[in-house]
Amino acid sequence: MMKAVILAGGEGRRLRPYTTILPKPLMPLGQKPILEYVIERLVRAGIRDIAVSVGYLSGLIEAYFGSGEKWNAQLEYLQEATPLGTVGPLHLVRGVEDAFLVINGDILTNVDFQAFASFHQREQHALSIATVRKEVKIDLGVLELNSRGIVTDYREKPVLHHDVSMGVYCCSPRVLSYIPQGQRCDLPDLVKTILRAGEPVGAYRHEGYWLDIGRPEDYERALDELERYA
């Protein structure tokens with residue numbers, strides 16, 4: 001059975017003042033906290049062995065979810081004594097022998113976890129990242145300049161498109177060898193380390209729903225779009 005690691009140890013500073021009382025994964029959406037939707041989505045995909053990396057106000061998360069029995073899941077908690085970033089906590093996971101999922105505890109998505117895991121195992125990457133295509137509107141005139149400071153092009157309010165990380169990863173056990181133990185390490189650091197080692201990093205394109213609840217306006221949007229996700 002595949003294991004999943006949920007990253008739920010951050011302080012959620014961008015969502016203050018809400019997160020002065022609650023850790024971000026416990027912020028309510030309808031009748032449930034954000035993290036409950038993440039756990040339910042994993043269990044629905046047949047992934048019940050779940051480790052939750054906790055730090056800030058961790059006692060509240062553990063008190064709410066307990067052993068996970070209510071959700072037909074088996075939960076264990078990985079305590080971050082100091083913040084370890086987005087991938088540093090992976091060294092706290094015990095008994096990793098096969099590929100495992102990693103997911104941020106503050107996102108809503110209907111990505112097919114099993115299809116993503118199958119992609120990763122088929123390609124045999126050390127790390128695969130689930131991505132979505134995002135549109136970025138620039139509400140200014142953008143100049144293209146040459147080396148002499150001469151304007152070569154002018155684009156009024158261009159729209160750019162980028163593939164962005166969803167905060168959902170699939171890792172082979174060997175990825176742990178690229179992460180410094182007991183130190184803070186974030187996903188960009190890990191990706192660059194793997195690429196420098198000459199290994200490819202896979203990208204799994206998701207065409208469905210995804211929302212990162214990082215800012216107050218994202219939280220308000222999540223409340224409005226909850227039915228679409230569920």
Side-chain angles (χ1 to χ4, degrees), residues 1-10 24-54 61-62 64-78 86-87 89-90 92-133 163-173 175-176 187 201-214 218 222 225-230:
M1 181 171 64
M2 174 166 277
K3 189 180 192 73
V5 180
I6 301 176
L7 304 174
K24 184 163 58 169
L26 283 188
M27 290 285 293
L29 287 178
Q31 302 301 313
K32 305 174 188 177
I34 298 168
L35 184 55
E36 187 167 351
Y37 289 98
V38 177
I39 290 173
E40 287 179 339
R41 181 69 66 170
L42 288 168
V43 170
R44 201 180 308 170
I47 302 169
R48 296 181 172 84
D49 182 7
I50 302 171
V52 185
S53 178
V54 294
I61 294 175
E62 295 184 43
Y64 185 91
F65 290 101
S67 67
E69 183 178 2
K70 177 181 175 181
W71 295 271
N72 197 24
Q74 299 172 347
L75 298 186
E76 65 172 309
Y77 297 94
L78 313 174
T86 50
V87 294
L90 299 186
L92 302 175
V93 183
R94 297 183 295 272
V96 174
E97 297 179 356
D98 300 307
F100 58 97
L101 286 171
V102 180
I103 180 170
N104 291 353
D106 57 357
I107 66 171
L108 297 180
T109 180
N110 59 6
V111 65
D112 186 330
F113 291 118
Q114 291 293 353
F116 178 36
S118 295
F119 162 83
H120 173 79
Q121 292 168 333
R122 183 175 64 250
E123 299 298 327
Q124 299 185 334
H125 297 310
L127 173 69
S128 297
I129 303 173
T131 69
V132 292
R133 193 77 166 164
D163 293 307
V164 302
S165 170
M166 294 170 52
V168 181
Y169 326 118
C170 197
C171 305
S172 296
V175 82
L176 297 176
L187 180 69
V201 175
Y204 178 83
R205 289 187 171 89
H206 174 55
E207 302 292 341
Y209 185 78
W210 172 76
L211 179 62
D212 174 13
I213 307 172
D218 300 321
E225 296 182 352
L226 191 55
E227 288 187 6
R228 179 181 171 191
Y229 167 75

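Keep in mind it's a predicted model, so treat the numbers as computed, not measured.
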Drop me the distance from [X]'s [atom1] to [Y]'s [atom2], to the nearest 0.5 angstrom.
{"X": "Arg41", "Y": "Ile39", "atom1": "CZ", "atom2": "CD1", "result": "13.5 Å"}
{"X": "Ile129", "Y": "His125", "atom1": "CD1", "atom2": "NE2", "result": "10.5 Å"}
{"X": "Leu187", "Y": "Leu127", "atom1": "CG", "atom2": "CG", "result": "6.5 Å"}

Lys70 NZ/CZ over Phe65 ring centroid, <6.0 Å and within 45° of normal: no
Quick check: do [X] and [Y] have side-chain heavy atoms less than 4.5 Å from each other?
{"X": "Asp163", "Y": "Val132", "result": "no"}
{"X": "Phe113", "Y": "Val111", "result": "yes"}
{"X": "Leu92", "Y": "Val5", "result": "no"}
{"X": "Asp106", "Y": "Pro25", "result": "no"}
{"X": "Leu35", "Y": "Ile6", "result": "yes"}
{"X": "Leu75", "Y": "Ser67", "result": "no"}
{"X": "His120", "Y": "Tyr169", "result": "no"}
{"X": "Ile61", "Y": "Tyr77", "result": "yes"}

Thr109 (side chain) donor-acceptor with Leu211 (main chain) under 3.5 angstrom: no
Check: Tyr204 side chain, Val168 main-chain N or O, donor-acceptor pair, under 3.5 Å: no
CA sep, side-chain torsions, deciding dist, call: Trp71, Glu36, side chain to side chain contact (heavy atoms under 4.5 Å, CB included): CA-CA 9 Å; Trp71 295 271; Glu36 187 167 351; 2.9 Å; yes
Gln124, CD: over 12 other non-hydrogen atoms inside 6.0 angstrom: no
Greater than 12 external heavy atoms within 6.0 Å of Arg122's CZ: yes
Indicate the atoms forming the closest heavy-atom contact of [X] with [Y], along with that distance.
{"X": "Ala203", "Y": "Phe119", "value": "O-CZ, 3.5 Å"}
{"X": "Glu76", "Y": "Arg94", "value": "OE1-NH2, 2.7 Å"}
{"X": "Met166", "Y": "Trp210", "value": "O-NE1, 2.9 Å"}
{"X": "Ala99", "Y": "Met2", "value": "O-CE, 3.5 Å"}
{"X": "Ile107", "Y": "Ile34", "value": "N-CG2, 4.3 Å"}
{"X": "Tyr37", "Y": "Gln31", "value": "OH-N, 4.5 Å"}

Ile50 and Lys3: CA distance, side-chain angles, deciding distance, side chain to side chain contact (heavy atoms under 4.5 Å, CB included) verdict: CA-CA 6 Å; Ile50 302 171; Lys3 189 180 192 73; over 6 Å; no
Worked check of side chain to side chain contact (heavy atoms under 4.5 Å, CB included) between Val164 and Thr131: CA-CA 5 Å; Val164 302; Thr131 69; over 6 Å; no
Side-chain donor-acceptor pair present, His206, Asn110, cut-off under 3.5 Å: yes
Lys32 and Glu40 ion-paired at < 4.0 Å: yes
Pair Leu176-Val93, side chain to side chain contact (heavy atoms under 4.5 Å, CB included): steps then yes or no: CA-CA 10 Å; Leu176 297 176; Val93 183; over 6 Å; no
side-chain contact (heavy atoms from CB on, under 4.5 Å) partner of Val102, the single match among Cys170, Ser53, Cys171: Cys171
